[in-house]
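Starting from 1, each residue takes its place in the sequence as its number. Not measured: the values here are computed from a predicted model.
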Amino acid sequence: MTDTTAQSATSSRNDLAYELDRAHVFHSWSAQGSLKPLVIAGGLGSRVWDFDGRSYLDFSSQLVNVNIGHQHPAVTQAIIEQAGTLATVAPSTANLARGESAKRIVERAPAGFNKVFFTNGGADAIENAIRMARLHTGRDKILSTYRSYHGNTGAAIVATGDWRRIPNEFARGHVHFFGPYLYRSEFWATTPEQESERSLRHLEHVIQSEGPSGIAAVLLESIPGTAGVLVPPPGYLAGVRALCDRYGIQLILDEVMAGFGRTGNWFAFEGYDVTPDLITFAKGVNSGYVPTGGVIISDSIASDFETNVFPGGLTYSGHPLAMASIVAALDAMKNEGIVENAARIGRDVLAPGLAELQAKHKVIGEVRGVGVFWALELVADRETRHPLSGAVMGRIKTELLARNLLPFLAENRIHVVPPCVVTDDEVAEALAIYDEVLSLDLLA
């Protein structure tokens with residue numbers, strides 16, 4: 001095959017992938033007619049490419065889930081080997097891969113957590129955590145924040161606080177409150193300590209106003225992700241735990257996006273002096289190689305169902321291919337120091353590098369984050385903190401892609417969320433691209 005023929009063949013595969021997508025694929029959260037999806041043919045580590053071989057540095061981790069990087073050989077091989085042995089099996093059976101997966105997960109959970117209920121992803125992990133909390137308490141209401149995203153199923157989308165909840169409000173028993181966000185404080189706070197104290201006072205007022213005896217759980221992302229990588233201020237999560245204890249309420253911490261290495265810890269809540277009652281997970285547990293998720297259940301809740309039937313289940317709960325991928329992913333993350341790499345990259349490379357960008361570019365109102373979980377909040381004016389417009393954010397995305405950086409943009413923010421395996425050189429490459437794009441006259 002000549003070079004010209006080979007180029008024509010790959011280009012036609014790019015074209016074919018795009019044409020088939022536009023003809024037949026219905027995309028989430030989108031007006032279908034305006035979509036121009038990027039064609040991705042392959043990936044490795046922190047990079048992906050199309051059929052033409054054009055490579056992109058993936059600083060989105062797709063949907064902030066490819067923590068171990070693309071095509072990690074140990075994980076792909078584990079899936080192949082499991083498929084060759086047993087590709088699927090009913091969840092009512094005992095399966096070695098499932099047991100090994102659950103064992104590795106609870107080994108990383110706090111003391112007093114010994115059971116895992118496996119789901120197909122993060123949204124139905126939330127659904128089942130809510131169900132467990134309601135059954136355990138005999139109460140109904142679920143409290144969650146306005147700045148949150150918990151998934152796109154019945155209760156999960158109504159627990160979500162952002163705009164996506166509004167056209168989908170069909171589930172009952174959900175109440176929202178404001179969580180801490182010092183940069184745009186709802187409480188006129190000027191310090192992290194004030195924001196924490198006033199946020200907690202607000203939450204207690206909501207609990208009292210809603211009636212504590214009717215509240216089953218407070219549901220929080222340990223670090224809200226899609227809402228802006230909102231790192232909790234000192235004392236906040238511990239304060240929520242104390243309020244839950246005071247009023248007999250269960251605490252569900254959503255670790256779907258923040259868990260399994262993203263923050264430089266196995267779980268994001270580590271270091272915040274808090275232990276929840278239920279922990280939801282998905283995404284990073286196997287980097288999305290096979291759809292999976294789950295609920296890590298405290299012993300006090302799990303014991304409810306020793307003699308009582310748990311009224312829930314999924315055909316693909318604990319699917320063998322997913323379980324094999326979890327075992328391989330968690331083993332590789334441990335053996336290769338991947339969680340430690342995420343912590344080091346955040347502390348020594350991203351934190352100072354993003355601070356330098358903020359000092360140079362007035363459009364960056366705030367930098368916040370930890371590990372490989374960061375956000376640049378972009379503003380038209382630092383004094384008023386007026387968010388950068390959607391049109392300008394669209395131009396920024398176009399310019400980043402033109403420089404072969406695959407970004408994650410949400411509202412007026414660039415989320416800097418590479419895989420946990422990202423290298424110093426790859427971060428330097430990305431920072432140079434951010435710097436170049438933010439130096440353009442994009443507001444004109």
Distance-only donor-acceptor pairs under 3.5 Å for side chains of residues 387-394, two or more places apart:
from: Ser389; atom 1: OG; to: Val392; atom 2: N; distance (Å): 3.2

Please check this pair: side chain of [X] against backbone of [Y], looking for a donor-acceptor N/O pair closer than 3.5 Å.
X      : Y      : value
His415 : Phe373 : no
His70  : Ser61  : no
Thr137 : Arg139 : yes
Ser196 : Glu193 : no
Arg134 : Ile130 : no
Asp277 : Gln250 : no
Tyr236 : Tyr272 : no

Looking at [Y] and [X], is there a salt bridge between them, counting it only when a charged N and a carboxylate O are closer than 4.0 Å?
X      : Y      : result
Arg47  : Glu429 : yes
Glu186 : Arg198 : no
Arg395 : Glu399 : no
Lys360 : Asp435 : yes
Lys36  : Asp21  : no
Arg385 : Glu377 : no
Arg104 : Glu100 : yes
Asp124 : Arg131 : no

task: Inspect the surroundings of CG in Asp273 and state if more than 12 heavy atoms from other residues, nucleotides or ligands are less than 6.0 Å away.
output: no

query: Would the number of heavy atoms belonging to other residues, nucleotides or ligands and lying under 6.0 Å from CZ of Phe305 be above 12?
result: yes

Short side-chain donor-acceptor distance under 3.5 Å, Gln208 and Tyr247: yes

query: Can Asp381 and His386 be counted as having a side-chain donor-acceptor contact under 3.5 angstrom?
result: no

Distance, nearest 0.5 Å, that separates [atom1] of [X] from [atom2] of [Y]:
X      : Y      : atom1 : atom2 : answer
Leu220 : Ser148 : CG    : OG    : 8.5 Å
Glu210 : His205 : CD    : NE2   : 13.5 Å
Ile126 : Asp254 : CD1   : CG    : 4.0 Å
Cys420 : Ile338 : SG    : CD1   : 7.5 Å
Phe113 : Thr275 : CZ    : OG1   : 6.5 Å

message: Walk me through whether Glu336 and His72 qualify under side-chain hydrogen bond (donor to acceptor under 3.5 Å, both in side chains).
response: CA-CA 12 Å; Glu336 298 172 21; His72 190 289; 3.1 Å; yes

message: Under the criterion side-chain hydrogen bond (donor to acceptor under 3.5 Å, both in side chains), I'd like the reasoning laid out for Ser185 against Glu195: C-alpha separation, chi angles, the key distance, then a yes or no.
response: CA-CA 7 Å; Ser185 177; Glu195 183 74 359; 2.6 Å; yes

task: Please step through side-chain hydrogen bond (donor to acceptor under 3.5 Å, both in side chains) for the pair Ser60 and Asp58, ending with a clear verdict.
output: CA-CA 5 Å; Ser60 70; Asp58 186 0; 2.6 Å; yes

Should the ring pair [X] and [Y] be called parallel, tilted or perpendicular, given that the plane angle runs from 0 to 90° and is split at 30 and 60?
X      : Y      : answer
Tyr434 : Phe59  : perpendicular
Phe187 : His202 : tilted
Phe269 : Phe267 : parallel

query: Looking at Trp29, is Arg164 sitting on its ring face, NZ or CZ under 6.0 Å from the six-membered ring centre and within 45 degrees of the normal?
result: yes

task: Start with the C-alpha distance between Ser222 and Glu255, add both sets of side-chain angles, then the distance that settles side-chain hydrogen bond (donor to acceptor under 3.5 Å, both in side chains), and finish with yes or no.
output: CA-CA 6 Å; Ser222 303; Glu255 290 269 336; 2.6 Å; yes

